[in-house]
Number of protein chains: 2
Amino acid sequence: MQKIPDLAALVAETGGRHRTATQHVEATLRNAILSGRLAGGTPLRQEDLARAFGVSRMPVREALRQLEAQALLDFVPHKGAVVTEISAADAADTYAIRMALEPACLERSVPHLAEAEFAAAAELIEEMDSEPDPGRMGELNRRFHMVLYSAAGQPKLLALTESTLAGFDRYLRFHLAAHGRAHMSQEDHRAMLAAAQSRDIPLALHVLRGHLETAAATIATFFAGRGGADSGGFS
Amino acid sequence: MQKIPDLAALVAETGGRHRTATQHVEATLRNAILSGRLAGGTPLRQEDLARAFGVSRMPVREALRQLEAQALLDFVPHKGAVVTEISAADAADTYAIRMALEPACLERSVPHLAEAEFAAAAELIEEMDSEPDPGRMGELNRRFHMVLYSAAGQPKLLALTESTLAGFDRYLRFHLAAHGRAHMSQEDHRAMLAAAQSRDIPLALHVLRGHLETAAATIATFFAGRGGADSGGFS
DNA sequence: GGTCGCATAATTGGATCCAATCTACAATTG
DNA sequence: CAATTGTAGATTGGATCCAATTATGCGACC
């Protein structure tokens, strides 16, 4: 039951321009939740958000609904929308989904990947090497994975995978905290890229599965050590 | 550019009572789309829907947004929301997702299934044997699969699987039309249940994969024969 | 006859207002 | 002193109203 932190700061931050107010609110809140600035359990009252964003309650309502559909919020009647709690069980859940979806993406994508994708992936690896901000790290990691999957040619599968990956950003913070943020399984990333370039599908899948399993184990032990209680404790 | 068919009939049909008007509108429209009564490409104008449901445009708006998040609608600015088209490619896409998610569910669930679930699954098979209405068939099929997965103990994975299965109802009509609705892979269902009961995970997975592949192939050939054009042509 | 431009109509996003419902606290009574 | 009930506050769902943007149809001009 903690207060909403620095709401004004949140509002100001959104860089990209959005066509509608609803999109602006939704994007800002999603970033705040995924990046951990809005901790699990935080109640969001429509009235406060509306004032903070300088809009009416209506776009706020629609944005909250969208976020609820993305499982980032729970609507509690007459108590406000609360940010979904994260837990070790939840992390395992998300990983099970990734483990199911991503090999399917990679398998279908590898045969059709072209030079453009390989170049983009290599560049993303380099960016990750020299990115200090853990917030952007999640985005880079997501883009790297999605580039490798992008040639699968199945839009729904890719969309689902991308949204799952986006949700994973909430756990990535723990991963980084445990590993030291500097190198985040970059060896795995390089190995995946190399396997994809040589069209070695079984190897690529093997590396990917190992990559995911390692991350899952890291986060699990991290949660076990901390206890899930203060899940959102550090911003 | 066809007219919305029998909007009044749609509105009246919703049996269950819903707490809010938004939920009512959303449930009714989702049923209509999934069952094929609202064909792909049909434009839905907020004003018309609001009048038909006897509510303001606002709950309609929120319901449409929810359905958009479920990929059942596309928002076209100043043209209204149009029902997503279905196609052979889309069917393949949905099947790829099922093929990725459902074995993962089944694998995790089988060891923990109890008598209650086996009994429920067996009963659902019998119900499907004697169900004449293809509309309810989709629901029964969905419930059968979900019962077998229900002991997986991973709520997000299950939720994702269930929503994918729900979306699959749109294609199920074609499957039924091609096979003759009377028996819809009931042999597969019985075999899956038997394998689950004997805790034979590899066998259960094998049957499930075959089940999904068969259905995918059936729908693909059916689409190929018809051409995807009149996708929503028969209600 | 064809094409460009303007005016009108339609549609949506957003704001404000209203009603209904639930929570929480406090006063009162057994 | 505890339990219960009543009242006030807070919060949300819904309706109506307004503004902005765009599609469309008609007419004028080349």
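From a predicted model like this one, the values you see are computed outputs, not experimental measurements. Chain letters run A, B, ... following the sequence lines, proteins first, then strands; residues in each count from 1.
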Ring geometry between A/Phe144 and A/His189 (parallel below 30°, tilted from 30 to 60°, perpendicular above 60°): tilted
B/Glu47: partners by side-chain contact (heavy atoms from CB on, under 4.5 Å), with sequence neighbours left out: B/Arg51, B/Arg57
side-chain contact (heavy atoms from CB on, under 4.5 Å) involving B/Ser163 - partner list, sequence neighbours excluded: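 In terms of side-chain contact (heavy atoms from CB on, under 4.5 Å), with neighbours along the sequence ignored, B/Ser163 is linked to no residue.
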Close residues, residues 57-68 of chain B, relative to DNA chain C [heavy-atom separation under 4.0 Å]: B/Arg57, B/Met58, B/Arg61, B/Arg65
Determine all donor-acceptor pairs shorter than 3.5 Å in which one atom belongs to a side chain in residues 63-75 of chain B; sequence neighbours excluded.
from, atom 1, to, atom 2, distance (Å)
B/Arg65, NH1, A/Glu62, OE1, 2.0
B/Gln70, OE1, B/Arg30, NH1, 3.2
B/Gln70, NE2, B/Glu26, OE2, 3.1

Do any side-chain atoms of residues 91-104 of chain B form donor-acceptor pairs under 3.5 angstrom with protein atoms, and if so which ones, sequence neighbours left out?
from, atom 1, to, atom 2, distance (Å)
B/Asp93, OD1, A/Leu157, N, 3.0
B/Asp93, OD2, A/Lys156, N, 2.6
B/Thr94, OG1, B/Asp90, O, 3.2
B/Arg98, NE, B/Glu102, OE2, 2.5
B/Arg98, NH2, B/Glu102, OE1, 3.4
B/Arg98, NH2, B/Glu102, OE2, 3.1
B/Glu102, OE1, B/His145, ND1, 3.3
B/Glu102, OE1, B/Tyr149, OH, 2.4

Validation row: B/Leu158, B/Cys105 side chains within 4.5 angstrom (heavy atoms): yes
Contact check, side chains of B/Asn141 and B/Phe168, non-hydrogen atoms, under 4.5 Å: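 In short, these two side chains touch, coming nearer than 4.5 Å.
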Nucleotides bounding contact with chain A, strand DNA chain D, heavy-atom threshold 4.0 Å: D/dT11 to D/dA15
